[in-house]
Amino acid sequence: MGKFIGLLTSGGDTPGLNAAIRAIGKACINKYDMQIIGFQDGFRGLMENRSVQLTNQTLSGILTLGGTILGTSREKPYKMMIGGKQMDMTDVIVENYHKNHLDCLVCLGGGGTQKNAYHLARHGLNIITLPKTIDNDVAMTDFTFGFDTALGIAVEAIDRLHSTAHSHHRIIVVEIMGHRAGWLALGAGVSGGADVILVPEIPYDINVVAESIMKRSRSGKSFSIVAIAEGALSQEGYKKINEVKEQINSADNKKGRSQLKKQLRALDAEYTGNTVFLAKELEKLTGLESRLTILGHLQRGGSPSAADRLLATRLGTCCADNINAGNYGNMVAIKGNDTVLVPLEEVVGKIKLIPPGHEWLRSAKEVGTCLGDGSKYS
Ligand code: F6P
């Protein structure tokens with residue numbers, strides 16, 4: 001009999017999670033004669049010892065399903081809500097790992113999950129992770145599964161918004177997920193031919209955006225599509241937020257620092273992804289009617305794309321090989337055409353943002369897309 005494996009999915013659900021569960025499970029069972037159980041609802045299920053046996057039968061027919069058959073949550077091992085109080089449940093989790101005689105725990109998730117998994121690895125558990133998120137912002141991997149599906153949904157939305165924007169001579173602002181990273185908005189904006197793309201990595205000037213729309217209007221194009229990432233910030237907001245961040249860094253007492261942190265949260269809520277304000281303001285500045293569409297969780301729902309099924313299956317089978325080899329404490333990542341292992345300590349505490357001058361940004365500019373900062377070709 002081979003090893004005994006536990007698996008969980010954590011963080012926001014993502015198309016491709018079931019494809020990954022299937023790949024890990026089938027390869028572990030059929031290639032290595034291992035046994036595998038799935039914990040329900042992320043780290044919460046591991047803490048409460050709620051699990052299901054994963055067999056060839058339960059793993060069959062799930063490749064094309066959206067979401068995760070195991071359920072998920074955003075709970076952290078060291079900060080769980082227990083009876084209305086936040087508690088560190090690491091010890092209970094470690095105990096349950098051993099009670100289940102696990103040789104390895106596989107955690108499928110985004111940046112937060114990598115951090116939680118690393119925390120457990122530092123408490124002596126054998127951990128391997130896979131990178132999933134529609135945001136594509138996990139460090140040390142070229143892509144995360146879920147991103148391609150969400151990209152396809154956002155592009156289809158932009159295509160559909162084009163015909164209605166065109167017919168009514170309107171500005172349509174479309175808000176795209178991605179948390180603090182702009183990959184999804186940039187990728188969808190370029191693929192869907194958005195006229196303006198606003199991402200968190202490039203704070204925007206609303207007057208520059210309005211002027212680019214007016215320029216289009218003067219040239220006879222009386223509609224515009226503005227693709228904006230939910231984490232995008234105006235230059236004004238960016239400046240104010242950074243000023244408070246600097247004050248936090250130089251604050252010499254705890255009370256002052258906690259007040260500044262409160263101020264930072266308020267500014268963040270006021271300025272980050274304020275798409276309602278943006279749509280209204282663009283209407284005022286351009287004289288063109290404007291509408292706002294927030295794509296929201298639609299981007300995370302439904303069946304995974306072929307590319308995500310392929311990526312999740314490749315990462316999943318590579319994961320099984322590395323469980324067998326005992327290569328713990330790593331994330332299975334994609335680099336170029338290869339699946340590779342990256343030590344968890346190189347992944348955690350980082351976020352993969354769009355680097356300045358990235359090829360996608362250059363291409364956007366070179367086809368005439370406004371990025372909100374007034375720059376043309378870099
Ligand atoms: O990380 C994936 C993501 O969909 C982000 O793009 C978004 O900011 C967040 O999750 C939404 O989280 P929730 O589903 O918990 O509201």
Side-chain angles (χ1 to χ4, degrees), residues 8-20 41-45 66-68 70-76 79-81 86 107-117 129-141 143-158 173-189 197-201 227-233 237 241 265 268-276 278 292-305 308 311-312 331 347-354:
L8 59 82
T9 56
S10 175
D13 72 310
T14 286
L17 274 171
N18 289 325
D41 305 330
F43 294 102
R44 162 72 60 171
T68 157
L70 294 175
T72 186
S73 72
R74 291 196 184 275
E75 302 245 35
K76 302 174 177 69
K79 226 190 233 178
M80 268 190 197
M81 287 307 280
Q86 273 191 346
C107 304
L108 314 188
T113 303
Q114 306 301 326
K115 191 173 165 195
N116 293 328
T129 67
L130 254 59
K132 73 95 188 97
T133 165
I134 63 165
D135 305 338
N136 198 34
D137 62 351
V138 177
M140 308 301 287
T141 183
F143 288 102
T144 55
F145 59 88
F147 175 67
D148 182 73
T149 310
L151 185 65
I153 295 166
V155 172
E156 190 190 338
I158 294 177
V173 175
V174 52
E175 182 187 306
I176 297 171
M177 273 188 172
H179 199 219
R180 304 274 173 188
W183 295 105
L184 200 51
L186 178 61
I197 302 175
L198 305 176
V199 292
E201 292 84 347
I228 175 167
E230 63 179 352
L233 272 175
I241 285 173
R265 280 195 294 276
D268 210 31
E270 184 183 346
Y271 284 102
T272 307
N274 195 344
T275 49
V276 174
L278 178 72
L292 169 65
T293 300
I294 299 176
L295 298 183
H297 291 80
L298 264 181
Q299 294 158 106
R300 272 185 11 206
S303 187
S305 66
D308 274 338
L311 179 58
M331 175 178 84
V347 179
V348 298
K350 295 177 188 155
I351 171 172
K352 188 183 71 185
L353 297 173
I354 307 169

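Both ligands and their constituent atoms are indexed starting at 1 by order of listing.
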### Query
What protein heavy atom sits nearest atom 15 (O) of ligand 1, and how far away is it?
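For atom 15 (O) of ligand 1, the nearest protein heavy atom comes out as R74 NE, 2.9 Å.
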
### Message
One residue to check: I134. Relative to ligand 1, which of side chain, backbone, both or neither has a non-hydrogen atom less than 4.0 Å away?
### Response
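Side chain only.
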
### Query
What do you reckon, is NZ of K352 surrounded by more than 12 foreign heavy atoms closer than 6.0 Å?
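Buried by this count: over 12 neighbours within 6.0 Å.
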
### Task
Would you indicate whether K350, at its atom NZ, is surrounded by more than 12 heavy atoms from other residues, nucleotides or ligands within a distance under 6.0 Å?
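Yes, because the 6.0 Å sphere around NZ of K350 holds more than 12 heavy atoms from other groups.
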
#### Entry: Short N or O distance, G178 and ligand 1, threshold 3.5 Å exclusive
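Yes.
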
### M177: numbered ligand 1 atoms lying under 4.0 Å from its heavy atoms
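It comes down to these atoms of ligand 1: 4 (O), 6 (O).
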
### Query
Are the side chain of E230 and the backbone of G178 linked by a donor-acceptor contact shorter than 3.5 Å?
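Here the side-chain-to-backbone pair exists.
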
#### Entry: Closest candidate by heavy atom, reference atom 8 (O) of ligand 1, pool H179, H297, E230, R300
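That would be E230.
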
### Task
Check each of D135, D13, T14 against atom 6 (O) of ligand 1 and report the one with the nearest heavy atom.
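Result: the heavy atom closest to atom 6 (O) of ligand 1 is in D135.
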
### Task
Apply salt bridge (Lys or Arg N to Asp or Glu O under 4.0 Å) to E156 and list each qualifying residue two or more places apart in sequence or on a separate chain.
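For E156 the salt bridge (Lys or Arg N to Asp or Glu O under 4.0 Å) partners, ignoring immediate neighbours, are R160.
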
### Task
Report the residues that fulfil salt bridge (Lys or Arg N to Asp or Glu O under 4.0 Å) with E201, sequence neighbours left out, ordered by chain and then residue number.
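Listed in chain order: nothing, the list is empty.
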
